[in-house]
Number of protein chains: 2
Amino acid sequence: MTDQAFEAHDHDACISGGVASVEQICADRGLQFTRTRQRVLEILLSEHKAMGAYEILDILRADGLGSQPPVAYRALEFLTKHGFAHRIERLNAFIACSHLEDPHAPVFLICRSCDRVVEAESDPSKGEIGRAAKQAGFVIERAVREAEGLCPGCSKPA
Amino acid sequence: MTDQAFEAHDHDACISGGVASVEQICADRGLQFTRTRQRVLEILLSEHKAMGAYEILDILRADGLGSQPPVAYRALEFLTKHGFAHRIERLNAFIACSHLEDPHAPVFLICRSCDRVVEAESDPSKGEIGRAAKQAGFVIERAVREAEGLCPGCSKPA
DNA sequence: TCTTGCTACGATATATCGTAACGACTATGC
DNA sequence: GCATAGTCGTTACGATATATCGTAGCAAGA
């Protein structure tokens with residue numbers, strides 16, 4: 001259910017695999033995976049933490065790919081709209097998706113100590129939010145579920 | 001489990017009752033329920049929707065209670081820290097608590113049409129977030145659970 | 001009385017996050 | 001080719017949030 005970002009793993013594969021998968025999906029769906037969009041995805045994939053739009057923009061600027069906020073926000077909008085990245089509301093920041101396979105309803109675990117973020121999956125229509133909504137006659141269109149705390153590594157005594 | 005904000009109710013009682021309850025709790029706990037803090041709570045209670053800090057600040061300014069951002073943010077920090085109000089991450093905005101009774105883990109239902117927000121309750125250690133966290137060995141300190149969609153009134157055909 | 005510590009308040013300045021609007025370029029389908 | 005959708009680059013601005021410094025009031029204790 002969760003991926004392994006809190007544990008050791010082949011991180012280069014995260015990046016190359018992620019980019020290749022998205023490239024393929026875009027080709028299948030007739031989406032334009034432009035240079036800027038690809039670069040933003042790479043930037044997001046380069047860390048298992050959420051990055052602010054301006055932090056991303058700084059890197060784009062260094063790469064000569066655009067230096068004004070709308071450049072970053074447009075690429076992020078594309079990526080989030082198509083499920084290749086997610087916005088972390090709690091942090092006003094973005095992270096690459098780690099469950100590209102299917103339409104999904106992510107749950108995020110945010111470590112306040114090392115800043116790493118893990119994406120887990122589960123159906124929001126079940127569970128507490130769904131129950132609360134049903135009781136109130138509320139139709140859910142989007143659910144934000146983000147937990148903040150300590151990851152296994154950071155909660156261990158030093 | 002949910003309160004009645006999506007339905008008709010005696011709204012004056014929401015305000016006066018809310019202020020009185022918080023006043024009592026502050027007295028019990030030795031907290032200073034100052035004029036600005038009380039006014040901000042009243043402002044939040046005056047609507048069942050989330051309000052931005054600057055919207056609140058505009059009202060404070062009109063009341064002669066302070067006109068600079070920190071005035072509003074400090075009052076909001078007090079109210080949220082002690083559980084008298086909550087921050088809605090999805091909206092970068094704040095709402096009065098409607099479950100003052102006990103320590104709690106709120107779930108919010110946000111109507112994108114009429115902007116009303118309802119606070120429901122449930123234990124985050126159970127359910128999907130808790131399950132995901134347990135599986136990852138993650139220690140939850142705070143959980144954000146916000147659903148966006150349509151309330152009963154707004155989802156009915158016109 | 002004087003000092004100390006604490007909490008709250010006021011004000012300035014700045015950091016951070018996000019979008020509206022416009023004109024130019026480019027990919028794609030006809 | 002040509003029309004049109006989509007994309008890009010830039011300017012300007014709006015919205016949200018915090019850092020920092022200084023002050024006022026109050027209570028405890030020397």
Side-chain angles (χ1 to χ4, degrees), chain A residues 22-23 26-41 43-44 49-82 84-95 110 112 115 144 146 148, chain B residues 22-23 26-27 29-41 43-44 49-82 84-95 115 144 146:
Chain A
V22 170
E23 196 158 22
C26 287
D28 292 349
R29 299 189 199 162
L31 301 174
Q32 296 185 42
F33 193 43
T34 64
R35 186 142 156 56
T36 303
R37 292 170 179 176
Q38 175 172 338
R39 185 68 188 113
V40 171
L41 179 63
I43 292 167
L44 290 176
K49 47 168 237 179
M51 300 182 72
Y54 280 62
E55 194 180 349
I56 291 166
L57 183 58
D58 286 342
I59 300 175
L60 288 179
R61 184 178 293 129
D63 290 352
L65 280 174
S67 60
Q68 301 306 320
V71 172
Y73 280 101
R74 285 197 283 238
L76 289 166
E77 184 186 9
F78 171 86
L79 294 173
T80 54
K81 179 176 171 184
H82 296 289
F84 306 140
H86 300 289
R87 178 183 169 84
I88 309 292
E89 301 292 345
R90 174 73 181 124
L91 304 175
N92 290 340
F94 301 83
I95 192 165
I110 306 164
R112 69 165 162 80
D115 289 331
V144 174
E146 302 168 355
E148 201 171 3
Chain B
V22 169
E23 196 160 19
C26 286
R29 299 189 199 161
L31 302 173
Q32 295 185 42
F33 193 42
T34 64
R35 186 142 155 57
T36 303
R37 291 170 180 176
Q38 174 172 341
R39 185 69 187 113
V40 171
L41 180 63
I43 293 167
L44 290 176
K49 47 170 236 179
M51 301 183 72
Y54 280 66
E55 194 179 349
I56 291 166
L57 183 58
D58 286 342
I59 299 175
L60 288 180
R61 185 178 293 130
D63 290 351
L65 280 173
S67 60
Q68 300 306 320
V71 171
Y73 280 102
R74 286 198 279 239
L76 289 167
E77 184 187 7
F78 171 86
L79 294 173
T80 54
K81 178 176 171 185
H82 296 289
F84 305 140
H86 300 288
R87 179 185 169 81
I88 308 292
E89 300 293 342
R90 173 73 180 125
L91 304 175
N92 291 338
F94 301 83
I95 192 166
D115 290 332
V144 175
E146 301 169 355

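For the numbers below, each heavy atom of this structure counts, side chains included, while hydrogens, waters and symmetry mates do not. Since this is a predicted model, take the numbers as computed values, not measurements. Note on naming: letters A, B, ... go to the chains in the order of the sequence lines (proteins, then strands), and numbering restarts at 1 for each one.
- Atom CD1 of Ile56(B) and atom P of dA17(D) are 10 Å apart (whole Å).
- Pair assignment for dG25(D) gives dC6(C), based on Watson-Crick or G-U wobble hydrogen-bonding distances that are each under 3.5 Å.
- Rounded to a whole Å, the CG atom of Leu31(B) is 13 Å from the C1' atom of dA8(C).
- The nucleotide dA5(D) finds no pairing partner, because no Watson-Crick or G-U wobble arrangement with both distances shorter than 3.5 Å includes it.
- In this structure, the side chains of Glu148(A) and Val144(B) stay at 4.5 Å or more apart for every pair of heavy atoms.
- Note: CZ (Arg39(B)) to C1' (dC9(C)) measures 18 Å, nearest angstrom.
- Here dA5(D) is in the syn range [glycosidic angle within 90° of 0].
- Within the 4.5 Å cutoff, the side chain of Leu41(A) has heavy atoms near those of the Phe33(A) side chain.
- In this structure a side-chain-to-backbone donor-acceptor pair under 3.5 Å is present from Glu146(A) to Glu89(A).
- Contact of the Ile95(B) side chain with the Arg87(B) side chain is not registered, since no non-hydrogen atoms from C-beta on lie closer than 4.5 Å.
- Across the protein-nucleic acid pair, Glu89(A) atom CD and dT16(D) atom C1' stand 14 Å apart, rounded to whole Å.
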Query raised in the report: Using a cut-off of 4.0 Å between protein heavy atoms and nucleotide atoms, how would you tag nucleotides 15-30 of chain C 5' to 3' with B, S and -?
Result: --BBBBB---------
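- Taken to the nearest 0.5 Å, the CG atom of Leu57(A) stands 7.0 Å off from the OG atom of Ser67(A).
- Among the atoms of the strands shown, none is found under 4.0 Å from any heavy atom of Arg35(B).
- Of the residues in residues 58-67 of chain A, those lying under 4.0 Å from DNA chain D by heavy-atom distance are Leu65(A), Ser67(A).
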Donor-acceptor list for residues 72-82 of chain B side chains, cut-off 3.5 Å, not counting sequence neighbours:
unit_1: Thr80(B); atom_1: OG1; unit_2: Leu76(B); atom_2: O; d: 2.8
unit_1: Thr80(B); atom_1: OG1; unit_2: Glu77(B); atom_2: O; d: 3.1

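- With values rounded to the nearest 0.5 angstrom, Asp63(A) atom CG is found 6.0 Å from Ile43(A) atom CD1.
- Remark: the backbone N or O of Gln32(B) is paired with a side-chain donor or acceptor of Arg37(B) at under 3.5 angstrom.
- In this structure the side chain of Leu65(B) never reaches within 4.5 angstrom of the side chain of Val71(B), judged on heavy atoms.
- Side-chain N/O atoms of Thr36(A) include none lying less than 4.0 angstrom from OP1 or OP2 on dT7(D).
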